[in-house]
Chemist: 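Below you will find the structure I want to go over with you.
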Amino acid sequence: MPTTTLIRISPVHGGLTQPVSRITAKPDLAAWSKLATLDVNDNDRTSLYRIGDGTLSPLTGPMVEADYRSVLDKGAIARGGKNWAWTIPIVLPVTDAEAAKLKPGTEVALAFEGKVFGKLAVQSVFAWDKPEFIRVVYGTERLDHPGARLWTSDPRTKLVGGEVTLASFVDARSFAKRILAPTETRKLLEAKGYEQSVAFQTRNPLHRAHEYALVYGAETILRKTGKKTGVILNPLVGQLKGDDVPADVRMQTYEALVDGKFLGQGDMDEALWRSKVQDLNAQLHLIGLDLRMYYGGPREAVMHAIYRQNLGFTHFIVGRKHADAPYDDKSAIWGDFDAQEIFKHLGGELSIQTVNVGFAAYFEEIGRVGLVEDNKGKTQVSISGTKIREILGQGELPDARVMRPSTAKVLAAYYQKVDKERK
Amino acid sequence: MRESKVTVKIPRPLYRRVKLVVEGSGFNSPTDFIVYVLRDLMGEAGEAEERPRELTQAELGDVKRKLKNLGYL
């Protein structure tokens, strides 16, 4: 019997029909080099390129003051007479001295480490009230947490907004081929004929319980609709805080998981996948997303969903403590469910749907990983992060019920190298 | 870095209204505000090539090659 496939790709955020495209294959570098130059840092450049490739659609440049205020005041940006959810301003900071030279209506060249890579048509130069920014974005006036330090450690005090035009980015990192822009992911979803797709955000190497969130999310929507489901492991590979595992090492762990077809092995609902004539690992794609972390909890969860909507995915997994980074005294900034609850109170439209998932663990009685809320009273197999780090540093592999050997081998090699260099 | 500027005349009552709008808005002057509004309008009307567009055949070929190299197609 013939079957009908209804490919579904999320609409671009902000009511656009195509992702924003501000990267030109034919940059006029000679002309740009004659403009006054604005040097940006690595974080800035990454955000600018995600604007350029449409991951931050409908933005066409760093936010002008009207958008900045709208995000802080309403949790949204206005486009085409509508409000669209947006929870963290995308800013380009400048020093007072730079701000004094930037005038709306002019253009400046954008440079990184002295090399021009784009231009900015300046539309807005305005003061940056950092305490307000931190209070609204992080929901706290305290500054003793990684999110606040991103901004308090930045000496720049003004913001510039406008429209960018960028030269193509040459990415020399080992995993560069895995980083896809919205035009590429959208083509992938179309070519594979996915009727729905679910993306999982991570900035860490995957423990088996962590990895289960993606399995759970995919199975939740598959069980509900039976539709052909794209499964997207979509780690952030942009700038992280110093104690996070570097992106190249993490990507090696993810590649080992994907290449070995280990995702969900022992933990997935095999009967479900068989009954829908689908294959979790055959429908799994590892796609890197080159964006920084804000360590912004609930508000960053919304941003993570916006990125994935622009990439075309229909569903996004939100765990408890999503994008969490506590105060330095280890106390929590946000409640366990805040990152899931925020989607019920958005300041504007958002098309992508969220799939909430709780904490997971391996349980002895069921012999696999499951959700803690479904297995109350059963025996969890767990090892502290400190202990796992110690085991890996010794070149040994932790209990496979906690971390798959394919992941552990990569991390053991990394930590042994780190420890050797420290001695 | 900047090209020279030109003077554009607008009715004084309109200028007075612009001044009122600009007060406390974050714009440094009526001129900044008018330039901003004009850029916004002109951006929509006159820069079609900078708006989102369909991929060219060559770009589409590049995308397909990249996905094929990843084993995704």
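Chain letters run A, B, ... following the sequence lines, proteins first and then strands; every chain starts at 1.
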Chemist: Side-chain donor-acceptor pair under 3.5 Å between A:Tyr194 and A:His285, yes or no?
Modeler: yes
Chemist: Identify whether the distance between the nearest side-chain nitrogen and carboxylate oxygen of A:Lys187 and A:Glu184 falls below 4.0 Å.
Modeler: no
Chemist: Decide salt bridge (charged side-chain N to carboxylate O under 4.0 Å, His left out) for A:Lys228 and A:Glu195; before the verdict, give the C-alpha distance in whole Å, the side-chain angles of both, and the deciding distance to 0.1 Å.
Modeler: CA-CA 5 Å; A:Lys228 187 174 179 186; A:Glu195 298 168 293; over 6 Å; no
Chemist: With a 4.5 Å heavy-atom cut-off (strictly below), which parts of residues 63-73 of chain B touch chain A? List them by number.
Modeler: B:Val63, B:Lys66, B:Leu67, B:Leu70, B:Tyr72, B:Leu73
Chemist: With chain B as the partner, which of A:Leu286, A:Thr24, A:Val12 has the greatest number of non-hydrogen pairs under 4.5 Å?
Modeler: A:Leu286
Chemist: Is chain B contacted by the side chain of A:Val64, its backbone, both, or neither, given a heavy-atom distance below 4.5 Å?
Modeler: side chain
Chemist: Distance alone, cut at 3.5 Å: any donor-acceptor contact between the side chains of A:Glu65 and A:Ser124?
Modeler: no
Chemist: List the steps, then state whether salt bridge (charged side-chain N to carboxylate O under 4.0 Å, His left out) holds for A:Lys101 with A:Asp96.
Modeler: CA-CA 9 Å; A:Lys101 295 176 190 164; A:Asp96 285 1; over 6 Å; no
Chemist: Got a sec: does the CZ of B:Arg17 have more than 12 other heavy atoms crowding it under 6.0 Å?
Modeler: no
Chemist: Let's go through A:Arg22 and A:Glu163 carefully: what are the C-alpha distance in whole Å and the side-chain angles of both, what is the deciding distance for salt bridge (charged side-chain N to carboxylate O under 4.0 Å, His left out) to 0.1 Å, and is it a yes or a no?
Modeler: CA-CA 9 Å; A:Arg22 306 291 306 181; A:Glu163 280 196 340; 3.6 Å; yes
